[in-house]
S.K.: 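Before anything else, here's the structure in question.
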Amino acid sequence: QVQLVESGGGLVQAGGSLRLSCAASGRTFSSYAMGWFRQAPGKEREFVTSIWSAGKTYYSDSVKGRFTISRDNNKNTVYLQMTSLKPEDTAVYYCTLQSSDGTYWGQGTQVTVSS
């Protein structure tokens, strides 16, 4: 049973920073790609970033240069460092684990950026 638990969300002013964490259990963490998605009110869930087992990363154009994904395989944790936050980054952020039997999702953590 895969479990993903996000933390680190909150309220921040525009231009500020936040770091999200996602602790994983139930799988050999280092073998899987991890990612972050987000869903803003009234909008569809969208891809933010991902990091593969070998460390290669991908970012959506909207966050490239501002967000950084990283992983600590010893702690079974993936991080999302968010800087230069904008009001349009306001959303629920979800952690994902991509395995051969599907994608697992965390419960989400709210990020609110005030202008």
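The figures that follow rest on heavy atoms only: side chains count, while hydrogens, waters and symmetry mates do not.
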S.K.: Tell me, please, which residues at least two apart from Gln81 pass side chain to side chain donor-acceptor pair (under 3.5 Å).
M.R.: none
S.K.: Any idea which heavy atoms bring Gly8 and Leu18 closest together, and the distance?
M.R.: O-CD2, 3.8 Å
S.K.: Once rounded to the nearest 0.5 Å, what's the spacing between atom CG of Leu80 and atom CH2 of Trp36?
M.R.: 6.0 Å
S.K.: Can you run down the salt bridge (Lys or Arg N to Asp or Glu O under 4.0 Å) pairs that involve residues 95-114, sequence neighbours left out, and say none if there aren't any?
M.R.: Arg27-Asp101
S.K.: Between the side chains of Thr103 and Gln98, is a donor N or O closer than 3.5 angstrom to an acceptor N or O?
M.R.: yes
S.K.: Without swapping roles, check the side chain of Thr109 against the backbone of Gly9 for a donor-acceptor pair under 3.5 Å.
M.R.: yes
S.K.: If we only count heavy atoms from C-beta on, is the Leu11 to Gln110 side-chain gap below 4.5 Å?
M.R.: no
S.K.: Using side-chain heavy atoms (C-beta onward) and a distance below 4.5 Å, is Val12 in contact with Thr112?
M.R.: no
S.K.: With sequence neighbours left out, what residues match Glu88 under salt bridge (charged side-chain N to carboxylate O under 4.0 Å, His left out)?
M.R.: none
S.K.: Look at the side-chain heavy atoms of Ile, Leu, Val, Met, Phe, Trp and Tyr, link any pair under 4.5 Å apart, and say whether Val2 and Met34 land in one connected group.
M.R.: yes
S.K.: What residues form a salt bridge (charged side-chain N to carboxylate O under 4.0 Å, His left out) with Arg19, not counting sequence neighbours?
M.R.: none
S.K.: If you look at every heavy atom in Ala14 and Ser115, which pair is closest and at what distance?
M.R.: CB-CA, 4.3 Å
S.K.: Does atom CD of Gln3 have more than 12 heavy-atom neighbours from other groups under 6.0 Å away?
M.R.: no
S.K.: List for me each residue that meets side chain to side chain donor-acceptor pair (under 3.5 Å) alongside Glu46, sequence neighbours excluded, and say none if there are none.
M.R.: Arg38
S.K.: Rest of the hydrophobic cluster containing Val5 (Ile/Leu/Val/Met/Phe/Trp/Tyr, side-chain heavy atoms under 4.5 Å)?
M.R.: none
S.K.: Walk me through whether Cys22 and Tyr94 qualify under side-chain contact (heavy atoms from CB on, under 4.5 Å).
M.R.: CA-CA 9 Å; Cys22 172; Tyr94 297 90; over 6 Å; no
S.K.: Applying a strict under-4.5 Å side-chain criterion to I, L, V, M, F, W and Y, I'd like to know whether Tyr58 and Met82 cluster together.
M.R.: no
S.K.: How about Phe37 and Phe47: are their ring centres within less than 6.0 Å of each other?
M.R.: yes
S.K.: What residue pairs, at least two apart or across chains, pass salt bridge (Lys or Arg N to Asp or Glu O under 4.0 Å) with a residue in residues 106-115?
M.R.: none
S.K.: In chain order, what residues pass the salt bridge (charged side-chain N to carboxylate O under 4.0 Å, His left out) check against Lys43, with sequence neighbours excluded?
M.R.: none
S.K.: Would you say Gln13 and Val113 make side-chain contact, with heavy atoms under 4.5 Å?
M.R.: no
S.K.: Should Glu6 and Tyr93 be marked as a side-chain contact (heavy atoms from CB on, under 4.5 Å) after you check the CA-CA gap, both sets of side-chain angles, and the distance that decides it?
M.R.: CA-CA 8 Å; Glu6 301 101 333; Tyr93 283 71; over 6 Å; no
S.K.: Please tabulate, one pair per line, all N/O donor-acceptor pairs under 3.5 Å involving side-chain atoms of residues 64-78, not counting sequence neighbours.
M.R.:
unit_1 : atom_1 : unit_2 : atom_2 : d
Lys64  : NZ     : Asp61  : OD1    : 3.3
Arg66  : NH1    : Ser84  : O      : 2.9
Arg66  : NH1    : Asp89  : OD2    : 2.8
Arg66  : NH2    : Ser62  : O      : 2.8
Arg66  : NH2    : Asp89  : OD1    : 3.0
Arg66  : NH2    : Asp89  : OD2    : 3.4
Arg71  : NE     : Asn73  : OD1    : 3.0
Arg71  : NH1    : Tyr32  : O      : 2.8
Arg71  : NH1    : Ile51  : O      : 3.4
Arg71  : NH1    : Trp52  : O      : 3.3
Arg71  : NH2    : Phe29  : O      : 2.9
Arg71  : NH2    : Tyr32  : O      : 2.8
Asp72  : OD1    : Asn74  : N      : 3.0
Asp72  : OD1    : Lys75  : N      : 3.3
Thr77  : OG1    : Lys75  : O      : 2.8

S.K.: Taking ring pair (Phe, Tyr, Trp, His ring centres under 6.0 Å) as the test, write out the residues that go with Tyr59, two or more places apart.
M.R.: none
S.K.: Quick one: does Tyr104's side chain get under 4.5 Å of Thr96's, heavy atoms only?
M.R.: no
S.K.: In terms of hydrophobic clustering (I, L, V, M, F, W, Y; side-chain heavy atoms under 4.5 Å; direct or indirect links), are Leu4 and Val111 co-clustered?
M.R.: yes
S.K.: Can you sort out the partners of Ser31 under side chain to side chain donor-acceptor pair (under 3.5 Å), two or more places apart, ordered by chain and number?
M.R.: none
S.K.: Taking side chain to side chain donor-acceptor pair (under 3.5 Å) as the definition, give me every residue that meets it alongside Ser25, ordered by chain and number, with sequence neighbours left out.
M.R.: none
S.K.: Is the shortest heavy-atom distance from the side chain of Trp105 to the side chain of Cys95 under 4.5 Å?
M.R.: no
